[in-house]
Each structure stands twice: as C-alpha cells, then as structure tokens.
Protein chains: 2
Amino acid sequence: MTSADRAFRVLEEEIVSGRIPMGTKLGEESLASRFGISRGPLREALRRLEGRSLVVSAAHAGVRVVQLKTEDLIELYEVRESLEGLAVRLAAERGSDEEIRSLRAFVDSQAATRAPDDRDYSQGIGDEDFHYRIATVSGSKRLQNLLCGDLYSLIRLCRFRTWTIPGQKRSQEDHERIMQAIEERDGELADLLMRRHVAAARARFMTAEAASTKL
Amino acid sequence: MTSADRAFRVLEEEIVSGRIPMGTKLGEESLASRFGISRGPLREALRRLEGRSLVVSAAHAGVRVVQLKTEDLIELYEVRESLEGLAVRLAAERGSDEEIRSLRAFVDSQAATRAPDDRDYSQGIGDEDFHYRIATVSGSKRLQNLLCGDLYSLIRLCRFRTWTIPGQKRSQEDHERIMQAIEERDGELADLLMRRHVAAARARFMTAEAASTKL
DNA sequence: CCCCAGTTGATTGTCAACAATATAGGCGCT
DNA sequence: AGCGCCTATATTGTTGACAATCAACTGGGG
C-alpha cells in the first residue's frame, strides 16, 4: 500500500464522517506535513478524491471539500430511490436462498436488539446496514459501488442535517415488509416498498429542512 | 487550464472512444513524453481517471484501461434502465414547456433527417443524443452527471460489441411514444416506456453476445 | 477619505533526480 | 529438459527544489 493510498483513505473517511466540514479548504502543505509525506503523493490523493466528487478543485485556487446544497441532497435521494429499488428487485429475483436467509437473520436481530427507547441513532446505523446488505445481495458490483461507494458517502456527508426524527418504528416495519417480499421472490413488490421507504426518508428530510429554514 | 487537465481530457476521450483499447497498459513515461509534460502532472491525470473508474491501477504494476466483461455491461444496462426511467419521469413532471417544445423539435428533426436506408450509425448517435437531452431536461445535475458522465462513457467503451442490429425503426417509434408521454406530463408512463426502450437495447446486446460466444 | 496600482507573500503547478519494487531473463540444480 | 532462484532492468513511488499564478497589503494619487 502506497502513502498516497493511505492519505486518500484517511481523507475520504474524514470527509464522509464530517470531521472535515463541508467547504473546508485543503491546503497541500499542511496536509502533507500532517501525513508525513511529500506534496506529490498528497496531490494524487486529492485528485482521486476529486474524481469521486468529494472535493472540488479550481486551478491555482486549491481544493475544497464539496459543499452540498439542499437541492443536491434532494437529487441524491431521488437517485438513491431508483437505485435501491433496482437493488432490492435484483436481490429478490437473483439472490441465493442462503443470502436471503442471512438477510432475514439480520432483520430479526435488528428487531430484537432494538431497545424500546433506543431511538435516534443506533436505528440510523441499523437502517444503513440493512440497505448496505441488500446492495450486496443484489449481486451487481456496479450497483453496489454506486450505492455504497458514492451515494451513501455523499448522503452521510450531510447527516447532521438529516438527524431528524428517524421514526424508527415505521422504518422497522418497512424493513419487515420488504424482507417478506424478498422471501417471496416478489421483486416488483420489493421494489415498490423500497421506493416508498426511501421516499419517506426524503420527505422527512425535506419537511425538517423546510422547518429549519423557516426559523 | 493546467497540463494535467489537458492530459486528463485527452486520455478520457481516447479511452471512451475506444482509440485506446480496453486492457491497454498506460506507461507513465511514454505518455508523459507524448504530452510533452513531466510524470508528475501525468500521474495526477491518471489518478483522476482512476477515480472515475476508467482505469484500474495496482501498486507498482502500473495502470491499465478498465476491461469490462459481459456481466459488467449487463449491470451497466440495468443501472441505466433505472436511472433513465427516473430521468424521463423528472423531465415529464418538472421540465418547462419551453424545454419540452425543444425536445419535441429535436425528435421531429430526427425522424425527418433519417434517410430510409440510413441504418447502423447515425441512428446510434441520434439515439444517444435523445437520451442525453432528456437527462438535461430532467433538471437533476447529479443524475445528468451520472448518466452522461459515467454510464454512457462506460457503455460507449464497449460500443464495438454492441454494434448489433440497431432496429432503429422500432427505436424511433419508442422515442415518439416517450415524447408523447412527456408532452402529456405523464411521468409514470414515460418511465415505463423508457425502461422498456433501454431493456430492449439490453436484450439486443445480450442475444448478440450469446450468438457470438456460441460461435 | 476612497480608490487604484505595484509589490510582497503564500500557495499551487511543474520538473528532474533518487529510492523502492515488480517483471523478465539467465543461470544452476535436479 | 524442466523448475526454481537470482540478478538485471525497467517501471513505479517519492522527494525537494524551481517556476508560475493568485491574494492580500501597502503606498500614492485623486
């Protein structure tokens, strides 16, 4: 593993997790000294981040962490809606029995470990994990990379805004129904339910956003 | 515009157009001398290509143009099907009257300029242009970048394989019906028709592929 | 007092040389 | 003759220095 690889992974994680806020300027020299490497490999790491749209760079003006506006997040959710529908359809139609059993076990464990008052956050993680696993079961590498590699990263980048009331009980019910559709190999129904599921998440975000901008 | 930018654009165009075949090794020194630049900027261009999945790089083993297998192309078509459905739905529901009129004018011009025997290729271009314009009218920057920037590039990269019988008359009829759905602001219908349209293209490719591998 | 131009400073873009590693070819061994 | 090892070469990874460009600051003029 090269030093540029390390810098890329660390920066990617820090940007996606929000530890480096949106719009932050990424000076080459300071970052290079921080990682203990030269500017050459660091610039390569930045270019890879640029290729993945996590940063934007203007010539002679440095690179900054991408700054997503409200419309950008809405667009991301729209794309995610379609792609997750496709993913769950493929998972239902082409997933192996073993994969589906494993997915069922996960859903049940999620339902069991959910403490009655454990609202906010562990549910968010569990929800994310559910979608992540479906992308895997879909069997489409390209789709998995698009969802897990690009979309989720960008959406998580704005997580602080979508820390709205998760409505996790409803989410849990959604998961259960989607799971049933998968087990019945009903790709079309799973697709429909999944689209509604993420559309609901988008709606929650939009109402929360509207409320916050009204203030 | 920096020299790394130039190298990136030229290489991107040459890879996507197929002038640099899949699997070709991209040596740094030869490319650098060809562009008249040093290895530093060239490496940055390669890293940007890597971020866009047009090349794959292994440490100390150089970078090669991505080599798409049959399953990869199928996966690309599946993703494209969903995303184009979304694009045309958004175009129908949110496109301005002016944009839709412009789109109609384009479809009509395509139907008019198509010479009766002009099969193979100008239709392929026209078809691509149609989808490109719909992505624009959808109004979603993210979707437009995904479709026009990433998916079409990778699909075109395999164009030599999908030079199958275009069935352009059927394609023209598809466009006409999709256009009508857009004009009626029927996003759901446009979505359905578009999905069928690209599913048909995928089916043509798959049968052609099956025939060629049977040989 | 305000505005514009020149200059200084810092940051980015580029280069050529050095170090590290994988691939290829030859040599010896079995 | 076939196989494994070892060297040699070529390519990649990394570095520090140099050049070019942009931004801020200062000084002079209106």
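Letters A, B, ... are given to chains in the order of the sequence lines, protein chains preceding strands, and every chain is numbered from 1.
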Under 4.0 angstrom, heavy atoms only, what part of the nucleic acid is A/R64 near: base, sugar-phosphate, or nothing? nothing

Atom CE of A/M1 and atom C1' of C/dA20: how far apart are they, to the nearest Å? 17 Å

For B/P41, which contact category applies under a 4.0 Å heavy-atom criterion: base, sugar-phosphate, or nothing? sugar-phosphate

Taking CD from A/E50 and C1' from C/dT12, how many angstroms apart are they, rounded to a whole number? 14 Å

At under 4.0 Å between heavy atoms, what does B/R47 touch on the DNA or RNA strands: base, sugar-phosphate, or nothing? sugar-phosphate

With side chains defined as the heavy atoms from C-beta onward, is the minimum distance between A/L11 and A/F35 less than 4.5 Å? yes

As a test of reading the structure: which of C/dT14, C/dG13, D/dT12 is closest to the side chain of B/A4, going by heavy atoms? C/dT14

What is the ring orientation for A/H175 with A/F130, classed by angle as parallel under 30°, tilted 30 to 60°, or perpendicular over 60°? parallel

Checking C/dT14, C/dG13, D/dT15 against the side chain of A/R39 (C-beta onward), the nearest is C/dG13

Between CD1 of A/I37 and P of C/dA20 the distance, given in whole Å, is 17 Å

Do B/H131 and B/R80 touch side chain to side chain, with heavy atoms closer than 4.5 Å? yes

Between NE2 of A/H60 and P of D/dA20 the distance, given in whole Å, is 11 Å

To the nearest angstrom, how far is B/L31 atom CG from C/dC15 atom C1'? 17 Å

Please determine whether the number of non-hydrogen atoms from other residues, nucleotides or ligands lying under 6.0 Å from atom CD of A/E14 exceeds 12. yes

With heavy-atom distances below 4.5 Å as the criterion, would you say the side chains of A/L54 and A/L157 are in contact? yes

Send over the distance from A/E28 CD to D/dT21 C1', rounded to a whole Å. 13 Å

Please tell me which of the listed nucleotides, C/dT14, C/dT21, D/dT14, lies nearest to the side chain of B/R43? D/dT14

For DNA chain D, whose closest nucleotide is more 5', that of A/G40 or that of B/V63? B/V63

Closest to the side chain of B/K25, out of D/dT11, C/dA16, C/dT21, is D/dT11

Could you tell me the separation between the CG atom of A/L46 and the C1' atom of C/dG13, rounded to a whole number of Å? 13 Å

Any idea which of D/dT15, C/dT12, D/dT14 is nearest the A/E44 side chain? D/dT14

Quick one: is C/dT12 close enough that its OP1 or OP2 comes under 4.0 Å of any side-chain N or O from B/T2? no

What is the distance, to the nearest angstrom, from the CG atom on A/L42 to the P atom on D/dT15? 11 Å

Output yes when at least one side-chain N/O atom of B/S3 is less than 4.0 Å from OP1 or OP2 of C/dT14, else no. yes

